[in-house]
Amino acid sequence: MSTGINTIANDVKLGKNVRIYNFVNAYGCEIGDNSRIGTFVEIQKNSRIGRRCKISSHTFICEGVTIEDEVFIGHGVMFINDPDPSAVNPDGTPQTDEDWVCVPTLIKKRASIGSNATILSGVTIGEGALVGAGAVVTRDVPENAVVAGNPAIFVRDRR
Ligand SMILES: CC(C)(COP(=O)(O)OP(=O)(O)OC[C@H]1O[C@@H](n2cnc3c(N)ncnc32)[C@H](O)[C@@H]1OP(=O)(O)O)[C@@H](O)C(=O)NCCC(=O)NCCS
């Protein structure tokens, strides 16, 4: 791990030769061997990043996200795990971990996600797929497909 101004909690399972740049906040997650994590990335508990991945700066990886090996995540990519979020319960008390259900997301091997994309909860992005910059991915993406737009639609097969 490279040194810097990071908050890497003791419960993070770090693989070998992971490079973490400045201002990363990670807790309760797993990061595989030889992966690189850019500045201002947050990685929440119960998320997993595989081996040889590149996570670019300003990305948010939330609880329930699984990223397989050799995946590229662009800058400012937002993952989502709660399709109907609320700050409070019906009685006005603040919500806790027990008051909502985390909906998981899967990014398969060698997929690439363009900068500023939003990946909605419950989606699987297929092996080798490419998500365009700024896309809003609302449904599963087939392997080796290129998708773009809001909502993201099929553009072509990936070369
Ligand atoms: C989606 C993407 C893969 C398409 O690349 P491409 O197949 O070479 O497509 P083109 O540039 O020839 O564009 C084809 C059409 O899609 C549109 N398009 C391209 N990228 C788009 C995007 N991100 N969102 C919406 N539309 C897009 C183009 O305007 C063009 O439309 P037209 O046919 O009406 O003129 C690419 O533009 C992209 O967004 N790559 C991600 C880059 C990135 O975020 N890198 C991160 C690290 S720098």
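Because the structure is predicted, anything quoted here is derived from the model rather than measured. Just so you know, ligand 1 is whichever comes first in the structure, and atom 1 is the first atom listed for that ligand.
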Can you find a protein heavy atom under 4.0 Å from [atom]?
atom	result
atom 16 (O) of ligand 1	no
atom 32 (P) of ligand 1	no
atom 37 (O) of ligand 1	no
atom 7 (O) of ligand 1	yes
atom 3 (C) of ligand 1	yes
atom 47 (C) of ligand 1	yes
atom 43 (C) of ligand 1	yes

(request) Quick one: look up the protein heavy atom nearest atom 1 (C) of ligand 1 and list residue, atom name and how far away it is. (result) Gly132 CA, 3.6 Å
(request) Would you mind checking which non-hydrogen protein atom is closest to atom 20 (N) of ligand 1, with the distance to 0.1 Å? (result) Ala148 CB, 5.0 Å
(message) Please report the interatomic distance CD1(Ile37) to OG(Ser57), rounded to the nearest 0.5 Å.
(response) 12.0 Å
(request) Look only at interatomic distance and state if Arg156 has a nitrogen or oxygen under 3.5 Å from any nitrogen or oxygen of ligand 1. (result) yes
(message) For a quick check under 3.5 Å, do Glu63 and Asn46 share a side-chain donor-acceptor pair by atom type?
(response) yes
(message) Looking only at the side chains, is there a donor atom on one of Asp157 and Asn144 sitting less than 3.5 Å from an acceptor on the other?
(response) no
(request) Report yes or no: does a heavy atom of Val155 sit under 4.0 Å from some atom of ligand 1? (result) no
(message) Looking at non-hydrogen atoms alone, which of Ser115, Ala133, Ala135, Ala117 comes nearest to atom 22 (C) of ligand 1?
(response) Ala133
(message) Need the ligand 1 atom indices (1-based, order shown) with element for anything under 4.0 Å from a heavy-atom of Leu130.
(response) 3 (C)
(message) Taking 4.0 angstrom as the limit and counting only heavy atoms of Gly114, give me the atoms of ligand 1 inside it, by number and element.
(response) 43 (C), 44 (O)
(message) Using only atom types and a distance under 3.5 Å, with no angle test, would you say the side chain of Arg158 pairs donor to acceptor with the backbone of Ala129?
(response) yes
